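See structure below.
All values below come from the heavy atoms of this structure, side chains included, with hydrogens, waters and symmetry mates left out. Nothing here was measured: the structure is a model prediction, and the numbers come from that model. Below, read A as the first sequence line, B as the second, and so on, with proteins coming before strands; counting in each chain starts at 1.
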Amino acid sequence: MADHSADDAPEYDIARIQQKWQAVWDELQPFSTSDPDDTRPRKYVLDMFPYPSGDLHMGHAEAYALGDVIARYWRQRGYNVLHPIGWDSFGLPAENAAIKRGVDPLAWTYENIAQQKKSMKLYAASFDWDRVLHTSDPKYYKWNQWLFLKMYEKGLAYRKASWVNWCPFDQTVLANEQVVDGRCERCDNIVEKKKLTQWYFKITDYADRLLDDLEQLEGHWPSKVLSMQRNWIGRSTGADVEFEIEGREDKVPVFTTRPDTLFGATFMVVAPDSELAAELVDGSTPDVQAAFAEYLKAVQKETEIDRQDASREKTGVFLDRYAVNPVNGERLPIWAADYVLADYGHGAIMAVPAHDQRDLDFARKFGLPVRVVVDPTAAADPSIETDAGDDPVASDATVLDPVATGEALVGDGRMINSGPLDGLSKRDAIARMIELLEEAGTGRAAKTYRLRDWLISRQRFWGTPIPIIHGANGELIPMTEDQLPLTLPPSEGLDLSPKGTSPLGGATDWVSVENPLDGTPARRDPDTMDTFVDSSWYYLRFLNPNDDTQAFDPAEAEKWGPVDQYIGGVTHAILHLLYARFITKVLFDMGYITFTEPFTALLNQGMVLMDGSAMSKSRGNLVRLSDQLDEHGVDAVRLTMAFAGPPEDDIDWADVAPHASAKFLARAWRLANDVTSEPGIDFSTGDVALRRVTHRLLADAPGLIEGFKFNVAVARIMELVNATRKAIDSGVGPADAAVREATETVSLALSLFAPYTAEEMWEQLGHQPTVASALWRTADPALLVEESVTCVVQVDGKVRDRLTVSPDIAAAELERLALDTGGAKRAIGERQIVNVIVRAPKIVSIATKG
RNA sequence: GCCCCCAUAGCCCAACUGGCAGAGGCAGACGACUUAAAAUCGUCCAAGUCAGGGUUCGAAUCCCUGUGGGGGCACCA
């Protein structure tokens, strides 16, 4: 038995090993991708870049551990792997820290970046340090401005006045995506509505493509993210119907998903905060105008949270105006009610109370007429085809009276009271009504989306200035590319505190300019861009981060793009990913790139929790990464992250055992110390049993890594370590060639998870550094075949006997052997055999009866 | 309200996608080494797969129903 007492055996000193190899990596640069003559096939592996709000935390540690496994894996498989890192370094936290502590946001940001970079190096993340970028660097945000100007040129960047989300604490507008449950995503304060003129990107022009292209990502992105994106875009199909309004010149379009129920429309509702409502009220009586003004005031006082309370009563005011139903000429009273939204569809609806729950609630409250046009009891008629799932309702007079039941009839049935549609099913009636509307020129098939345009202006300092000059008469003058970058003025002397207008407005020298067209006084746009603009295309900037002549090199994009594997948290499932997909499509349309999706594959890691909940200082369950690294070593923390479970699952730090990972690594490392054979020994002379374990790992690890089953891969390495330990201590001994082969394989496999330990082992085994640039080995198929396998003999589903047979045994032979076993004979007894299923060589299943 | 995931030893998790429920780890028990402890090495322990039904020669795996947990969307016409 080998002697492992502390006195005479070397100790696994992870602190020393870490220090040693960091220096070696700095010198050898095994992760550089700068050689233009590299002929290896390429992989682009990208971790979501961090926001520098402090030092790295446990969440970063998990993400970077997993991303690194993938990057190192592909390198080991012979690929030229681009694995860059940068910082998403514009944004609110820098500014808030500046306000709170009176520091310069720039200094604060770059101090944090320096600290994070140091931690990443310690953490052994295999980044290409030559490609670092910071979005707060004018070298970077110049190209944000370029992108803005290109979008402006194409009509994809525009200004409009609209009711926007306003965070009263951060004193800035927010995108819809940044409002969660009616609260500001960042500070959790209740969001208010304000009418402001702001810059928008026209993402709605791309709604169909953003939705339809998700199909390409199926199987490569988590299905959860795909469904979140689908929900967010929220396409619904139906028809636009044009209604005439008495006393108004132009017709009013209304979107509906149920054009089949047009004959059941009994009133119309417009959004109180829409222009249409204001205009209709203008043409109404003074009484109506007063009532409406009061109602509008009440509506505008409501927060998003009030509005989303589904249980609240319907409210509204009658406008004393009338629309005309285009299919039957009926007069429909027009109401304003806040259950109709100004910015969805056309801000007006046709109300069909019999077949829409909201309309029914409203009609019941205000005593408006209800007319049933779909008879759900009639679907039993065999000549009527109903949609699957919409089962006919039992024939019962009461269901046909929604006013009495309070339940709208939303299911399928047979059309009644609907003139030319009578007798049709819902589906057929929808199609027929669209035809009729199109023939009459009063409507057409239409689609509407939940997705809104992307509001990109922010009234904040620490962001990309918008490269637009406002002339004295309100004209917009875009800067020209040669004038970029438009850099931020120094923060010194500026009031950064939230006050509802951009701090840049106070930088008089900066904001006041001459109108480039006529020399009259003009002002720069004082707002800055949403930082999601920065991150929407950064993956392209990594291809040539220091190029001053272009945002990115289309030739490099052709070489490397799109990203083969993107890794990051599910927190960005909608926002960032949707914007990046959008900008990618825009750049494709402009001809800069040849692909339409930025991220071919996506891995979402879970969160790191403590005692079942997210870590936070206020909760007092914060685990500090630096403490963990000090206590257990980098490798043990990384290994723990990979081993804890499937990567997309949350890790509860209370459930995992980094000390056990450290113990395992020491055990693996000790193997390398124990090996006594020389490098280059002929492995084929080694012990076959141990070689089998080694080669099974060689064969299986690639599939496990590519399937993101890192935890299983680690378990398999542990298995090999255990088998090797046993071979050394109580088997063939430390000099056997198979022991060296196994230990070298452990080092190679561990190099993905525990790079320091793996390097140390590799060197101890007599190899040149680095194991990080060594290649994975091919399994010998001969060693993957077992000499004999156990075949199970089942009778009526129960295991009755076992056979030890050759793996290539013939089915007929196996059947004969199985039927002859004592266990099978006993179980069959007098019963009659009805079927024998043979799955050679693993199982024989006998079915009997009697 | 609509849609989507998940449930396996005390705990974290595997199981070739229908073929003997266990790879690995934690915790636990015992032993070796030690004056002792730690470290190390070794041995052992444990569920019949949330519940009920169905398909099948055979179900953790496929299909229904329910329970429990997690997530997304929601007055979106």
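Ion pairing between A:Lys447 and A:Asp208 holds under the 4.0 Å rule for side-chain N and carboxylate O. Between A:Glu242 and A:Arg444 there is a salt bridge, since a side-chain N of the basic residue sits under 4.0 Å from a carboxylate O of the acidic one. Using a 4.0 Å cut-off between a side-chain N of Lys or Arg and a carboxylate O of Asp or Glu, A:Arg670 and A:Asp674 do not qualify as a salt bridge.
With sequence neighbours left out, A:Phe362 forms a ring pair (Phe, Tyr, Trp, His ring centres under 6.0 Å) with A:Phe267, A:Trp335, A:Tyr339, A:Phe366. By the ring pair (Phe, Tyr, Trp, His ring centres under 6.0 Å) test, A:Tyr449 pairs with no residue at all, sequence neighbours left out. Remark: A:Arg230 pairs with A:Glu218 by the side-chain hydrogen bond (donor to acceptor under 3.5 Å, both in side chains) rule, at least two apart or across chains. Under the rule for a side chain to side chain contact (heavy atoms under 4.5 Å, CB included), the partners of A:Arg371 that lie at least two apart in sequence or sit in another chain are A:Thr266, A:Asn328, A:Glu330, A:Val373, A:Asn417.
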When you compare the protein's N or O atoms with those of nucleotides 10-13 of chain B, which come within less than 3.5 Å of each other, and at what distance?
unit_1 : atom_1 : unit_2   : atom_2 : d
B:C12  : O2'    : A:Ala644 : O      : 3.0
B:C13  : O3'    : A:Asn711 : ND2    : 3.3
B:C13  : O2'    : A:Asn711 : ND2    : 3.4

Taking only nitrogen or oxygen atoms into account, show me every contact under 3.5 Å that the protein makes with nucleotides 16-18 of chain B, one pair per line with its distance.
unit_1 : atom_1 : unit_2   : atom_2 : d
B:C16  : N3     : A:Lys842 : NZ     : 3.4
B:C16  : N4     : A:Lys842 : NZ     : 3.2

Any N/O pairs under 3.5 Å between the protein and nucleotides 2-9 of chain B? List them or say none.
none

Strictly under 3.5 Å: I want the nitrogen or oxygen pairs between protein and nucleotides 51-61 of chain B, one per line.
unit_1 : atom_1 : unit_2   : atom_2 : d
B:C57  : O2     : A:Ser845 : OG     : 2.3

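Donor-acceptor pairing under 3.5 Å, judged by distance alone, is present between the side chain of A:Arg452 and the base of B:C76.
Nucleotides of RNA chain B nearest to A:Ile843 and A:Asp356 differ in position, and the one nearer the 5' end is that of A:Ile843. When each of A:Arg716 and A:Ser236 is assigned the nucleotide of RNA chain B bearing its nearest heavy atom, the one mapping closer to the 5' terminus is A:Arg716.
In summary, the side chains of A:Trp221 and A:Gln229 do not present any donor paired with an acceptor at a separation below 3.5 Å, with no hydrogens or angles considered. Between the side chains of A:Thr745 and A:Thr694, no donor N or O sits under 3.5 Å from an acceptor N or O.
Residue-level contact check: A:Arg230 touches neither bases nor backbone, having no heavy atom under 4.0 Å from any strand. Contacts of A:Asp652 with the nucleic acid, taken as non-hydrogen atoms under 4.0 Å apart, are absent. The residue A:Val340 sits close to a base: some heavy atom pair falls under 4.0 Å.
Here, B:A9 and B:C62 have their C1' atoms 26 Å apart, quoted to the whole Å. B:U67 and B:C76 are spaced 26 Å apart, taking the P atom of each and rounding to whole Å. Between B:A51 and B:A46, the two C1' atoms lie 23 Å apart (nearest whole Å). Between B:A29 and B:A14, the two P atoms lie 27 Å apart (nearest whole Å). Nucleotides B:G24 and B:U43, compared at atom P, are 11 Å apart to the nearest Å. Spacing of C1' atoms, B:G69 relative to B:A32, comes out at 45 Å, to the nearest Å. Taking the C1' atom of each, B:G48 and B:A37 are spaced 41 Å apart, rounded to whole Å. Comparing B:C13 with B:C26, their P atoms are spaced 16 Å from each other, to the whole Å.
One interatomic measurement links the two molecules: CD1 of A:Ile574 to C1' of B:C73, which rounds to 9 Å at whole-angstrom precision. The CG atom of A:Leu609 sits 12 Å away from the C1' atom of B:G70 (whole-angstrom rounding). Nucleotide B:G19 holds its P atom 16 Å from the CZ atom of A:Arg802, rounded to whole Å. A straight line from CD of A:Glu11 to P of B:A38 spans 17 Å, rounded to a whole angstrom. Following rounding to the nearest Å, A:Trp669 (CH2) and B:U40 (P) show an atom-to-atom distance of 13 Å.
Under the Watson-Crick or G-U wobble criterion, with both distances below 3.5 Å, B:G52 is paired with B:C64. B:U40 is paired with B:A32 under the criterion used here, namely a Watson-Crick or G-U wobble arrangement in which both key atom distances are under 3.5 Å. Across all strands shown, B:C2 forms a Watson-Crick or G-U wobble pair with B:G72, both key distances being under 3.5 Å. Checking B:U8 for Watson-Crick or G-U wobble geometry (two distances, each under 3.5 Å) identifies no partner in any strand.
Side-chain contact between A:Met58 and A:Met641: present, with at least one pair of heavy atoms (C-beta onward) separated by less than 4.5 Å.
With B:A77, B:C73, B:A23 as the choices, the nucleotide that has an atom nearest any side-chain atom of A:Ala715 turns out to be B:A23. Set against B:C20, B:C26, B:G24, the side chain of A:Thr790 has B:C20 as its closest nucleotide. The A:Arg725 side chain lies nearest to B:G42 when the options are B:C76, B:G42, B:G72.
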Go through it in stages, so that I can follow the logic: the residues are A:Arg16 and A:Glu11, the test is salt bridge (Lys or Arg N to Asp or Glu O under 4.0 Å), and I'd like the CA-CA distance, side-chain angles, deciding distance and then a yes or no.
CA-CA 11 Å; A:Arg16 184 190 62 81; A:Glu11 243 182 286; over 6 Å; no
Given the rule in the salt bridge (Lys or Arg N to Asp or Glu O under 4.0 Å) test, do A:Asp729 and A:Arg725 qualify, once you have shown the distances and angles that lead to the verdict?
CA-CA 6 Å; A:Asp729 287 351; A:Arg725 180 82 263 151; 3.1 Å; yes
Only distances under 3.5 Å count here; give the side-chain donor-acceptor pairs of residues 801-808 of chain A to other protein atoms, sequence neighbours excluded, each with its distance to 0.1 Å.
unit_1   : atom_1 : unit_2   : atom_2 : d
A:Asp801 : OD2    : A:Gly823 : N      : 2.8
A:Ser806 : OG     : A:Asp808 : N      : 3.3
A:Ser806 : OG     : A:Asp808 : OD1    : 2.3

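Rounded to the nearest 0.5 Å, atoms CG (A:Asp652) and CG (A:Leu609) are 5.5 Å apart.
Residue pairs meeting the side chain to side chain donor-acceptor pair (under 3.5 Å) criterion with at least one partner in residues 341-354 of chain A, sequence neighbours excluded, are A:Ser236-A:Tyr344, A:Asp240-A:His346, A:Asp343-A:Arg452. For residues 712-721 of chain A, the pairs satisfying salt bridge (Lys or Arg N to Asp or Glu O under 4.0 Å) are A:Asp700-A:Arg716, A:Arg716-A:Glu719, with sequence neighbours left out.
Ring-plane geometry between A:Phe710 and A:Phe753 is classed as perpendicular, the angle between the planes exceeding 60 degrees on a 0 to 90 degree scale with a lower cut at 30.
In B:U17 the base sits syn relative to the sugar, since the glycosidic angle is no further than 90° from 0.
Here the side chain of A:Ser223 pairs no donor or acceptor atom with the backbone of A:Gly219 at under 3.5 angstrom.
Side-chain N/O atoms of A:Arg235 include none lying less than 4.0 angstrom from OP1 or OP2 on B:A77.
Residues from residues 658-666 of chain A with heavy atoms under 4.0 angstrom of RNA chain B, sorted by number: A:His659, A:Ala660, A:Lys663.
Smallest separation of non-hydrogen atoms from A:Val374 and A:Gly411: CG1-O, 4.2 Å.
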